[in-house]
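First comes the structure, then the notes that go with it.
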There are 2 protein chains.
Amino acid sequence: MDRGRSKDDEATGRPTLKTLAFMTGLGVTTVSRALKDAPEIGAETRRRVQLVAKQIGYRPNRAGVRLRTGKTNVISLVLNTEHEIMSFVSDIIYGVSEVIADTPYHLIVTPYSRSQDPLDPIRYLVETGSADGVIISRTQPNDPRARYMLERGIPFATHGRTDMGLIHPYHDFDNYAFAAEAVRHLAGIGRRRLALLAPPVELTYYRHTLNGFTDALSEVGASEIPFNTVSIDHSIEQIRMRTAQVMRRDVRPDGFISSAAAATLAIVAGIEDAGLKLGRDVDVVSKQSSELLHLFRRELLVVNENFRLAGAELARSVLGWIGGAAPGTLQSLSVPSKVQAYRHPN
Amino acid sequence: MDRGRSKDDEATGRPTLKTLAFMTGLGVTTVSRALKDAPEIGAETRRRVQLVAKQIGYRPNRAGVRLRTGKTNVISLVLNTEHEIMSFVSDIIYGVSEVIADTPYHLIVTPYSRSQDPLDPIRYLVETGSADGVIISRTQPNDPRARYMLERGIPFATHGRTDMGLIHPYHDFDNYAFAAEAVRHLAGIGRRRLALLAPPVELTYYRHTLNGFTDALSEVGASEIPFNTVSIDHSIEQIRMRTAQVMRRDVRPDGFISSAAAATLAIVAGIEDAGLKLGRDVDVVSKQSSELLHLFRRELLVVNENFRLAGAELARSVLGWIGGAAPGTLQSLSVPSKVQAYRHPN
DNA sequence: CCTATATACTGAAACGTTACAGATTGTCAC
DNA sequence: GTGACAATCTGTAACGTTTCAGTATATAGG
């Protein structure tokens with residue numbers, strides 16, 4: 001039985017199970033089991049091993065574990081490099097980081113571009129076994145990525161829901177409630193002809209938003225001014241131009257609902273291009289992820305969406321699934337705040 | 001000699017060197033060398049192996065490589081979860097992704113919070129050998145992280161320069177030129193009493209910005225109104241309040257230079273809180289990373305900083321260093337665009 | 001005293017890769 | 001025909017971990 005530390009150990013300085021085995025006078029197997037509280041290890045031995053491990057700062061070698069067990073201790077966040085430009089992305093990342101901070105998990109960011117099949121990065125991750133869990137966004141009602149991962153049995157969570165009759169973890173913002181509340185608020189201040197700047201049609205929350213919008217419209221008896229030639233994915237310039245166009249018509253909106261803060265800047269610019277005034281001729285309710293819109297125009301009405309929270313929830317869900325929880329119990333919906341008008345600081 | 005595919009091979013379906021060895025009738029060693037164009041492999045054998053590998057979609061097992069060689073094929077981007085809030089972060093990530101997309105590298109995001117020693121995450125990465133290269137931001141003149149990594153010989157690149165007489169790769173925006181140009185522009189439109197909203201003092205580019213500011217001030221014969229009780233790291237509310245205060249004084253700035261777009265919103269709010277008007281009573285030159293400031297107020301004067309480019313340059317630098325290039329050749333400085341006034345989109 | 005059983009530990013093998021130290025050919029010079 | 005040498009190929013070991021199939025010791029039952 002050879003329990004010596006090899007030359008290499010001394011060189012890298014990094015302690016391994018072998019080092020611990022040598023120091024404690026035990027075998028590597030025993031040390032390995034002692035560290036993970038296996039039942040067949042004596043209580044004192046267990047304590048002794050764990051003490052020594054803590055003292056010398058032992059950390060399991062990720063490559064060793066991964067090679068042996070297939071466990072990567074990696075969560076992958078899959079991002080579209082082009083759409084996700086208005087950078088709530090960083091908030092999601094921070095939210096995820098927060099949650100995995102005191103776990104052995106690392107966060108890897110897997111990008112894909114517009115030109116690619118969104119399934120490509122997922123396939124890569126699954127085929128190469130590069131992650132224990134995956135987080136995706138831009139979720140669609142019938143999402144091939146979710147279907148694919150369900151088939152392969154790899155844990156994931158989606159930012160946004162699907163609508164395929166399949167159960168999986170998700171976190172979503174209640175966009176139905178957002179749109180409905182926005183309509184009610186606008187109606188409450190006398191607005192009657194409302195336009196919706198919606199998410200792109202292919203995403204699930206397009207429907208949610210639209211349903212909330214139309215349901216509340218009929219509830220309050222207001223009418224819709226069609227504004228569906230643009231979505232929040234369009235460029236600032238396009239949204240601005242289309243807004244100006246619609247505002248120059250005889251029958252024009254007196255209220256807008258915008259699903260994204262950046263787009264709201266463009267809507268307001270368009271309104272002003274048409275010579276009209278925010279708060280007088282028209283009101284705008286917008287989602288925002290940071291508190292900046294009110295600095296932009298005080299007349300704006302805002303609803304906050306917390307992406308950091310979303311990131312944290314998504315991470316919790318994936319970890320939960322990896323940990324064996326039932327996917328159906330790992331779903332959460334974030335309730336929108338009330339529509340907020342500007343209030344001067346103190 | 002046993003060249004059979006094991007049960008496990010069949011189960012996971014993922015081809016390994018052993019699979020390739022079996023298919024080609026060669027030994028694993030030969031296959032391994034053939035794939036990396038080793039010289040002692042016959043030309044035909046090499047082609048044959050590579051053909052088969054391509055056909056069956058062989059991908060080296062990362063854990064195997066990492067365990068054997070220590071090479072992780074990972075670049076780590078180290079981020080502060082609190083300061084880096086105004087999310088040019090996503091742009092940097094996209095820039096990095098872009099560059100490493102067709103390399104075997106993965107990007108992992110390593111966060112740290114304000115409370116922690118910034119050296120902590122770096123130590124972790126180095127001690128656990130979790131990455132082949134590191135990218136850090138919030139660089140300081142005397143940066144312990146850069147020093148530490150230089151000592152350990154781990155390749156890295158800094159966003160921003162250091163000033164320790166040590167050579168390492170960096171990418172930086174020329175903030176000296178930015179501040180100087182901003183002063184000249186303001187002087188050119190008749191502004192004489194300028195205030196600077198600077199980066200936090202501990203960061204290297206604070207000095208760069210300040211030097212550009214003061215040098216150009218004396219060059220054009222304008223004067224400084226002290227505004228150093230806040231920095232761009234302060235909260236929106238604090239900046240706004242301090243701006244309002246200084247604008248209510250008898251001798252008040254007629255020009256601002258702002259190092260960050262979010263802070264600029266606060267400055268403008270403060271100006272308006274004091275009952276003054278942008279473009280008439282005071283002009284503001286601001287850096288921005290997306291084209292949104294002009295939607296906010298047309299009177300703003302902007303200079304663009306491209307963080308996506310920064311991310312790409314940083315990635316290129318780290319990869320270059322890993323690839324053996326001299327650190328001194330992997331430094332780049334991004335030249336600011338001219339100060340831009342608003343132009344209506346035709 | 002012997003056997004059965006539980007307790008506490010152990011070495012060997014394997015995950016997929018690469019480095020090392022050969023081994024097997026064939027060719028050429030003499 | 002022999003030795004030297006280059007050109008190709010090869011098995012073994014090792015990286016650090018966990019799992020499998022044990023082994024040794026003590027305790028208890030009869």
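Hydrogens, waters and symmetry mates play no part in the numbers below; they use all other heavy atoms, side chains included. Below, chains carry the letters A, B, ... as their sequence lines are ordered, and counting in each starts from 1. Just so you know, these numbers come straight off a predicted model, no measurement behind them.
- Using a cut-off of 4.0 Å between Lys/Arg side-chain N and Asp/Glu carboxylate O, Arg59(A) and Glu127(B) are scored as not salt-bridged.
- For the helix from dC1(C)-dG30(D) to dC30(C)-dG1(D), the end axes, each set by the C1' atoms of five terminal pairs, are bent relative to each other by 60° (nearest 10°).
- The side chain to side chain donor-acceptor pair (under 3.5 Å) test applied to Asp172(B) returns Arg161(B), not counting sequence neighbours.
- As rounded to whole Å, 9 Å separates atom P of dT17(C) from atom CG of Leu35(B).
- Remark: Arg62(A) engages no residue in a salt bridge (Lys or Arg N to Asp or Glu O under 4.0 Å) (not counting sequence neighbours).
- Contacts of residues 43-59 of chain A with DNA chain D (heavy atom under 4.0 Å): Tyr58(A).
- Side-chain N/O atoms of Ser32(A) include one lying less than 4.0 angstrom from OP1 or OP2 on dT18(D).
- Atom-to-atom, CG of Leu20(A) to P of dT18(D) comes out at 12 Å; the value is rounded to the nearest Å.
- Summarising the geometry, the separation between NZ on Lys36(B) and C1' on dT18(C) is reported as 7 Å, rounded to the nearest angstrom.
- Using a 4.0 Å cut-off, no side-chain N or O of Thr29(B) falls inside it from OP1 or OP2 of dT10(D).
- One interatomic measurement links the two molecules: CD of Glu40(A) to C1' of dT23(D), which rounds to 14 Å at whole-angstrom precision.
- Counting only heavy atoms from C-beta on, Asn61(A) has its side chain closest to dT17(D) among dT10(D), dT8(D), dT17(D).
- Rounding to whole angstrom units, CG of residue Leu26(B) and P of dT18(C) are separated by 16 Å.
- With sequence neighbours left out, Thr69(B) forms a side chain to side chain contact (heavy atoms under 4.5 Å, CB included) with Val65(B), Lys71(B).
- Distance Asn73(A) CG to dT17(D) P: 13 Å, rounded to the nearest Å.
- The side chain to side chain donor-acceptor pair (under 3.5 Å) check on Asn61(B) picks up nothing, with sequence neighbours excluded.
- Distances shorter than 4.0 Å separate none of the side-chain N or O atoms of Lys18(A) from OP1 or OP2 on dG16(D).
- The aromatic ring centroids of Tyr170(B) and His159(B) lie 6.0 Å or more from each other.
- Considering only residues two or more places apart in sequence or on other chains, Tyr148(A) meets the ring pair (Phe, Tyr, Trp, His ring centres under 6.0 Å) condition with none of them.
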Show the atom names and distances, to 0.1 Å, of all donor-acceptor pairs under 3.5 Å that link a side chain in residues 29-39 of chain A to residues at least two apart or in another chain.
{"from": "Arg33(A)", "atom 1": "NH1", "to": "Glu40(A)", "atom 2": "OE2", "distance (Å)": "3.2"}
{"from": "Arg33(A)", "atom 1": "NH2", "to": "Glu40(A)", "atom 2": "OE2", "distance (Å)": "2.8"}
{"from": "Asp37(A)", "atom 1": "OD1", "to": "Gln50(A)", "atom 2": "NE2", "distance (Å)": "3.0"}

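- Taking a 4.0 Å limit (strictly below) on heavy-atom distances, residues 63-72 of chain B reaches DNA chain D at Leu67(B), Arg68(B).
- Legend: residues meeting side chain to side chain donor-acceptor pair (under 3.5 Å) with Thr72(B), ordered by chain and number and at least two apart, are Asp132(B).
- Glu44(A) and Arg47(A) are not joined by a salt bridge, as no carboxylate oxygen comes within less than 4.0 angstrom of a charged side-chain nitrogen.
- Between Arg33(A) and Thr30(B), the residue anchored nearer the 5' end of DNA chain D, judged by the nucleotide with its closest heavy atom, is Thr30(B).
- Per the geometry, CG belonging to Leu17(B) stands 17 Å off P belonging to dT12(D), to the nearest Å.
- Remark: Arg145(B) pairs with Asp143(B) by the salt bridge (Lys or Arg N to Asp or Glu O under 4.0 Å) rule, at least two apart or across chains.
- Not counting sequence neighbours, His171(B) has no partner by the ring pair (Phe, Tyr, Trp, His ring centres under 6.0 Å) test.
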